[in-house]
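One-based numbering, in listed order, for ligands and for the atoms of each. FYI, side chains are in, hydrogens and waters are out, and symmetry mates aren't considered; it's all heavy atoms of this structure.
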Amino acid sequence: MPAEHPRIHSFAEYEETYRRSVENPEQFWAEMAEPFTWRRKWDTVLKADLVGGHNEWYSGAKLNITENCLDRHLAKRGNKLALIWEPNDPKTRQIRYTYRELHQHVCQFANVLLNNGVEKGDRVCLYMPMIPQLAIAVLACARIGAVHSVIFAGFSATAIADRVNDAQATVVLTSDGLNRGPKQIPVKRVVDEALEHCPSVRRVIVVEHIGWPVHMQEGRDVWYHEEVKDASKSCPAEEMDAEDPLFVLYTSGSTGKPKGVVHTTAGYMVWADYTFRNVFQVQENDVYWCTADIGWVTGHSYLLYGPLLSGATTLMFEGIPTYPDAGRFWEVIDKHGVNVFYTAPTAIRSLMATPLDNVLSYSLDSLRVLGTVGEPINEEAWYWYHQHVGKERCPIVDTWWQTETGGIMISALAGISPLKPTHAGQPLPGVQPVLLTQEGKEIEGNDEEGYLAIKFPWPGMIRTTYGDHERARQTYFGPYPGYYFTGDGARRDENGLYRIIGRVDDVINVSGHRFGTAEIENAINQNANVVESAVVGYPHDVKGQGIYAFVICRDGSCNSESDKPHVEASIIETIVAEIGKIAKPDKIQIVSGLPKTRSGKIMRRILRKVAEGETSNLGDITTLLDPGVVDEIIKGKK
Ligand code: ATP
Ligand code: MG
């Protein structure tokens, strides 16, 4: 019987644990790694290099992460539900796998990969809807030591080809099509188009999901169900080195060309498990639901690896929050008795804009903990979530982290740490954040603001960018040698709680006053007419930079041109009351949508180009959700 991992239970224990993790990180992380299944223990806990970016954790150890996600639980939790799948259409069949069943499916598909010539170290791209075969395939790759690269199944053929070629993948898993609310999308067709430009791919495995006809290319394409039919349900796990790559995942592309972030086996495993258990405080019989797509890092760490490593029951949802209606999330929570719910501010804001009855008609009694990730959550959204979803009894963990950090870095621990809306809170044990001046000097004390950096390695940190270590070094370790640079700006309040105030590149400097985008947007969003907003700076003769605000209004609050002056004046009033005259926008443009990445983040760099009048070169827009929005914004420019 494996030892169970310890968990922090009180704030005093958090403080004590934090102190220990900083005073003797190697001893701390050795202890935290102890209860996992290792084929061989490590020689060295940490080899640190925050200058060249060559950091290693648990060097010399041998393991397989799937033995820790699955095999390790079989004795005690074999019949416990590991995965619950909720389909797009609530009237169709759910799927539930116990740990034992999931183990068998993973082994079976691992054998399919082996039968198709996949070897340890090969890259396998997964361009898949949110269906159980995706979860199974991710774990099957890990089982045999193949490196998975999940590509969000909303990306275009060009974006797929870029990622497949960058990773030099040999095998691609996809499906005939996918369901997205009322729509069906021909996934395989997009893959076919992409693969015309991907010579490295020699095998495509196709899941039959919606029953659409597809073209199967002779010699290259095979059906999942046919391959699985005769494959054995047992598959010994490949022995991996602690630092063997586990996956490549591309960042969202909010600030530029996406980076192929590489995570390795042992450190990522320890980090995903540790952060999951402590932040969400999931109990043995809980149902846990993370709404992120597995195509994003949140889906990797907190839909799959974190929950399975901790032996939790994780829910996977195929659909969207607004289908069949805007009550779907809440319906799913009641239906499955979800106890812990983790989503993104963008989803909350979009649901807030719909009639309140959508949420009030569900009991939501099972909920105990709520979480958010991906962007700063503005106060209005925080209170709405807290009041109408959490019924004022559920703590909200606002989790700050990045694809590159592998797991949550700054967050409250649910029910343990103090909560403050718009503040992510305190660092997790093992995380040593600092605020730097632009010149790279550490800013001491509280009630301060600066560039957020991390001054000591943590197990889940990025190891490299695929095929191009120099890019990783320059991006993360180059700006301030000796620190991991996050690219985000933050404030530490008088009690040491961190608030993310926006990307460093987006800081607006108005007559010498520096503003993070999040703080101005937070103020604008307080206005009753506003659903969502994005602000950027643009060159201004007198002030250095002026503030340009793009605002989406609530349905009915700005129906015509003649409503606009009144709405704009009211927004300005709100900002002046919330922050002061200095933050008054110079221009307000009312828009019907904002340019967002497919993970729902606002791409302010595009808005900045619009505000600057430089729309001829918008940079990499392959990760943009709806390019049509950009044209509309350009047309309406002030
Ligand atoms: P790229 O690096 O390609 O520009 P990206 O930074 O959007 O894309 P991700 O790794 O998906 O890619 O997102 C990480 C970023 O998301 C963080 O750096 C931060 O700006 C933002 N973020 C995530 N969680 C939070 C949070 N809880 N509060 C504030 N910001 C957050
Ligand atoms: Mg980033």
Query raised in the report: For ligand 1, is any non-hydrogen atom under 4.0 Å from T399's backbone (N, CA, C, O), its side chain (CB onward), both, or neither?
Result: backbone

Query - For D398, atoms of ligand 1 separated by under 4.0 Å from a heavy atom - result: 26 (C), 27 (N), 28 (N)

Report task. Using a 4.0 Å heavy-atom cut-off, say whether D488 meets ligand 1 through its side chain, its backbone, both or neither. Result -> side chain

Query raised in the report: Relative to the heavy atoms of T403, which atoms of ligand 1 are at a distance of less than 4.0 Å?
Result: 9 (P), 10 (O), 11 (O)

Query raised in the report: Between W401, Y250, F247, Y305, which is the residue that forms a ring pair (Phe, Tyr, Trp, His ring centres under 6.0 Å) with H300?
Result: F247

Query raised in the report: When you measure from atom 30 (N) of ligand 1 to each heavy atom in G600, G256, P376, S252, which option holds the nearest one?
Result: P376

**Report entry** Centroid separation W289 to F317 less than 6.0 Å
**Finding:** yes

Query raised in the report: For atom 6 (O) of ligand 1, which of R503, K601, E375 has the closest heavy atom?
Result: R503

Requested in this report: Please report which non-hydrogen protein atom sits nearest to atom 21 (C) of ligand 1, along with the residue it belongs to and the distance in Å to one decimal place.
Outcome: G374 O, 3.3 Å

Report summary line: If you scan protein heavy atoms around atom 4 (O) of ligand 1, the nearest is T255 OG1, 2.5 Å

Report task. Given salt bridge (charged side-chain N to carboxylate O under 4.0 Å, His left out), test D506 with R608 step by step and report yes or no. Result -> CA-CA 9 Å; D506 292 337; R608 201 160 48 225; 2.5 Å; yes

Query raised in the report: So do E404 and H263 actually touch side chain to side chain, heavy atoms under 4.5 Å?
Result: no

Query - Test: R163 cationic atom under 6.0 Å from F155 six-membered ring centre, within 45° of axis - result: yes

Query raised in the report: How about Y302 and Y288: are their ring centroids closer than 6.0 Å?
Result: no

Query raised in the report: Does F550 have its ring centroid less than 6.0 Å away from the ring centroid of Y548?
Result: yes

Query - Minimum heavy-atom distance T372-Y385, with the two atoms named - result: CG2-CE2, 3.4 Å

Requested in this report: Specify the closest pair of heavy atoms between T465 and K259, including all atoms of both residues, with the distance to one decimal.
Outcome: CG2-CB, 4.0 Å

Requested in this report: Examine K257 against ligand 1 and note whether any of their N/O atoms are separated by less than 3.5 Å.
Outcome: no

Requested in this report: May I ask you to identify, for I500, whether its side chain, its backbone, both or neither come under 4.0 Å of ligand 1 on a heavy-atom basis?
Outcome: side chain

Query raised in the report: Does an N or O anywhere in G253 fall below 3.5 Å from an N or O of ligand 1?
Result: yes

Query raised in the report: Near K259, which atoms of ligand 1 are under 4.0 Å from a heavy atom of that residue?
Result: 1 (P), 2 (O), 3 (O)

**Report entry** Any A424 heavy atom less than 4.0 Å to ligand 1
**Finding:** no

Report summary line: In ligand 1, the atoms that come under 4.0 Å of a heavy atom of W401 are 14 (C), 17 (C), 23 (C), 24 (N)

Query - Atoms in ligand 1 with a heavy atom of S254 nearer than 4.0 Å - result: 1 (P), 3 (O), 4 (O), 5 (P), 7 (O), 8 (O)

Query - For F485 against L452, the heavy-atom pair lying closest together - result: CD1-O, 4.1 Å

Query raised in the report: Hey, does S599 sit under 4.0 Å from ligand 1 if you only count heavy atoms?
Result: no

